[in-house]
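Since the model is a prediction, treat every value here as computed from it, not as a measurement.
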Amino acid sequence: MKRQLLNRVLFLCFAAIIVSACKKENTSISTVYLPVVEGYLMPGHALSIKLYQQKSLTDTAKYGAAITGLQVYVSDGSTKVQLTESPKGTYTYSNQNFLAEGKTYTLQFNYLTYNVSATTVMPGKPTNFATQYGSVTLSSTTTSDPNTSNTTIDKLTWDNPDSLNHVLVFDNKNGADFPLSSFGGTRAANFELNTKRASYYNLTQSTFAYYGHYTVVLLRVNQEFIDLIKSNTSNSTSQNLANIPTNVVNGYGIFTAMQADTLSFNLL
């Protein structure tokens, strides 16, 4: 379950990171090839950092070539550990006790002539994550009525006295098997929502495109994560690659930390 949760988180920012990994082709100007970093730190999981090269905009591969053979380090302010490469381009540290709430983590490695670094803070775990209803049943009459699309059908709540960043991730175990209506179109069965520092989120019929059994993940995240998912929904193109956010010095991508809580919700 923990591995599946982290994999679900990774898909959120994937498109934005891929765009930041691309470079513009320019035959008259020397292009700087900076490394692309993909690192999501979560307690209870091995620390894992993926490093790969930039690629051209016309390259259809998901990633650039893996960057191998580096000495990659992460420090928690008092202890500095060296990560082990396996498989190629993926650097890991298996001691799960290394990741803990409140600590500041710094990534460091050398690539070509560049000293690459990034820093993030492990936030606290979300508390009192709850749903008003465990299941909601919608009739065919309700789903076909556009006047009911924005009516609240459930309310998710959690503690957030300090107005911290939270993201909701919806993982539909049934996939796209059961469309809510003929208006579902190409909307994804699995999706994320930025809660905009609130302590609740009202779910409406229009929140969903499909019936199903959902695992709902509440992530407490840092601002660099919010910046990246915002860029992922702003139609980033080859004309505004410079605006893709990154918290990596002398590189692209993201190095961030998060904590999660989960619950189940059925839309029937």
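- Shown here for Ile67 and Glu85, the closest heavy-atom pair between the two residues is O-OE2, 4.1 Å.
- Hydrophobic clustering keeps Tyr200 apart from Tyr133 (ILVMFWY residues linked when any side-chain heavy atoms are closer than 4.5 Å, directly or through intermediates).
- Annotation: side chain of Trp158 is not in contact with side chain of Pro126 (no heavy-atom distance under 4.5 Å).
- Checked by atom type and distance alone, the side chain of Asp261 never pairs as donor or acceptor with a backbone atom of Leu218 at under 3.5 Å.
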Exercise. Evaluate the side-chain contact (heavy atoms from CB on, under 4.5 Å) criterion for residues Val221 and Ile229: first the C-alpha distance (whole Å), next the side-chain angles of each, then the deciding distance (0.1 Å), finally the verdict.
Key: CA-CA 11 Å; Val221 300; Ile229 64 172; over 6 Å; no
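- Asn110 and Leu70 get closest at one heavy-atom pair: O-CD2, 3.7 Å.
- The side-chain heavy atoms of Phe191 and Thr207, taken from C-beta on, include a pair separated by under 4.5 Å.
- For the ring-ring contact (aromatic ring centres under 6.0 Å, His included) with Tyr105, the lone residue among Phe255, Tyr73, Tyr40, Phe98 that qualifies is Phe98.
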Practice problem: Take Leu51 and Val37 through the test side-chain contact (heavy atoms from CB on, under 4.5 Å) and record every step on the way to the result. | Solution: CA-CA 5 Å; Leu51 303 179; Val37 175; 3.7 Å; yes
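- Residues Asn128 and Thr157 have side chains not in contact (no heavy-atom distance under 4.5 Å, counting atoms from C-beta outward).
- Within the 4.5 Å cutoff, no side-chain heavy atoms of Gln108 are placed close to those of Asn115.
- Taking the six-membered ring for Trp and the full ring otherwise, Tyr91 and Phe109 have centroids separated by 6.0 Å or more.
- Remark: the backbone N or O of Ala260 is paired with a side-chain donor or acceptor of Lys125 at under 3.5 angstrom.
- Each of Leu168, Thr262, Asp159, Val217 was compared with Phe129 under the side-chain contact (heavy atoms from CB on, under 4.5 Å) criterion, and only Leu168 meets it.
- Put simply, the side chain of Gln259 gets close to the backbone of Pro123: a donor and an acceptor are under 3.5 Å apart.
- Residues Glu192 and Asn194 are not in side-chain contact: their nearest non-hydrogen atoms beyond the backbone lie 4.5 Å or more apart.
- Here the CG-CG distance, from Asn222 to Asn247, works out to 9.0 Å after rounding to the nearest 0.5 Å.
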Practice problem: Please lay out, stage by stage, how Tyr111 and Asn250 fare under the test side-chain contact (heavy atoms from CB on, under 4.5 Å). | Solution: CA-CA 9 Å; Tyr111 178 67; Asn250 290 325; over 6 Å; no
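- With values rounded to the nearest 0.5 angstrom, His166 atom NE2 is found 4.5 Å from Asn160 atom CG.
- Remark: side-chain polar atoms of Thr256 are not paired, donor with acceptor, to backbone N or O of Glu224 under 3.5 angstrom.
- By the 30° and 60° cut-offs, the orientation of the rings of Tyr214 relative to Phe265 is tilted.
- In this structure, the separation between CE on Met258 and CG on Leu219 is 6.0 Å, given to the nearest 0.5 Å.
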Quiz item: Going through the distances and angles, do Asn266 and Ser135 end up as a side-chain hydrogen bond (donor to acceptor under 3.5 Å, both in side chains)?
Solution: CA-CA 5 Å; Asn266 298 321; Ser135 296; 3.2 Å; yes
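- Under a 3.5 Å cut-off, the side chain of Asn150 and the backbone N or O of Thr204 do not form any donor-acceptor pair.
- To the nearest 0.5 Å, the span separating CG on Leu99 from OH on Tyr93 amounts to 10.0 Å.
- Note that CG of Leu156 and OG1 of Thr195 are 10.5 Å apart. Values are rounded to the nearest 0.5 Å.
- The closest donor-acceptor contact from the side chain of Tyr210 to the backbone of Arg187 lies under 3.5 Å.
- Using a 4.5 Å heavy-atom cutoff, the side chains of Tyr211 and Leu138 are in contact.
- A donor-acceptor pair is defined here as one N or O able to donate and one able to accept, closer than 3.5 Å; such a pair exists between the side chain of Asn190 and the backbone of Asn172.
- Hydrophobic clustering keeps Val249 apart from Leu112 (ILVMFWY residues linked when any side-chain heavy atoms are closer than 4.5 Å, directly or through intermediates).
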Quiz item: Hey, mind stepping through Thr92 and Ser86 against side-chain contact (heavy atoms from CB on, under 4.5 Å) and telling me if it holds?
Solution: CA-CA 7 Å; Thr92 61; Ser86 179; 5.5 Å; no
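- Of all heavy-atom pairs between Glu101 and Gly124, the closest is CD-CA, 3.4 Å.
- Panel note: side chain Thr152, backbone Asn202; no donor-acceptor pair is recorded below 3.5 Å.
- Using a 4.5 Å heavy-atom cutoff, the side chains of Leu193 and Phe170 are in contact.
- Of the possible donor and acceptor atoms, none in the side chain of Asp227 sits under 3.5 Å from a partner among the backbone N and O of Thr246.
- Taking every heavy atom of both residues into account, Ser75 and Ser78 meet most closely at OG-N, 4.4 Å.
- The side-chain heavy atoms of Val167 and Phe225, taken from C-beta on, include a pair separated by under 4.5 Å.
- Nearest heavy atom pair, residue Ser163 against residue Arg197, reads O-NH1, 2.9 Å.
- Separation of atoms OG (Ser199) and CG (Leu164) is listed at 11.0 Å; rounding is to 0.5 Å.
- Residues Val74 and Val121 do not share a hydrophobic cluster, defined by chaining ILVMFWY side chains whose heavy atoms lie under 4.5 Å apart.
- Remark: side-chain polar atoms of Gln53 are not paired, donor with acceptor, to backbone N or O of Gly64 under 3.5 angstrom.
- Ile49 and Leu47 make their closest contact through CG1-CD2, 3.8 Å (heavy atoms, listed as atom of the first residue, atom of the second, distance).
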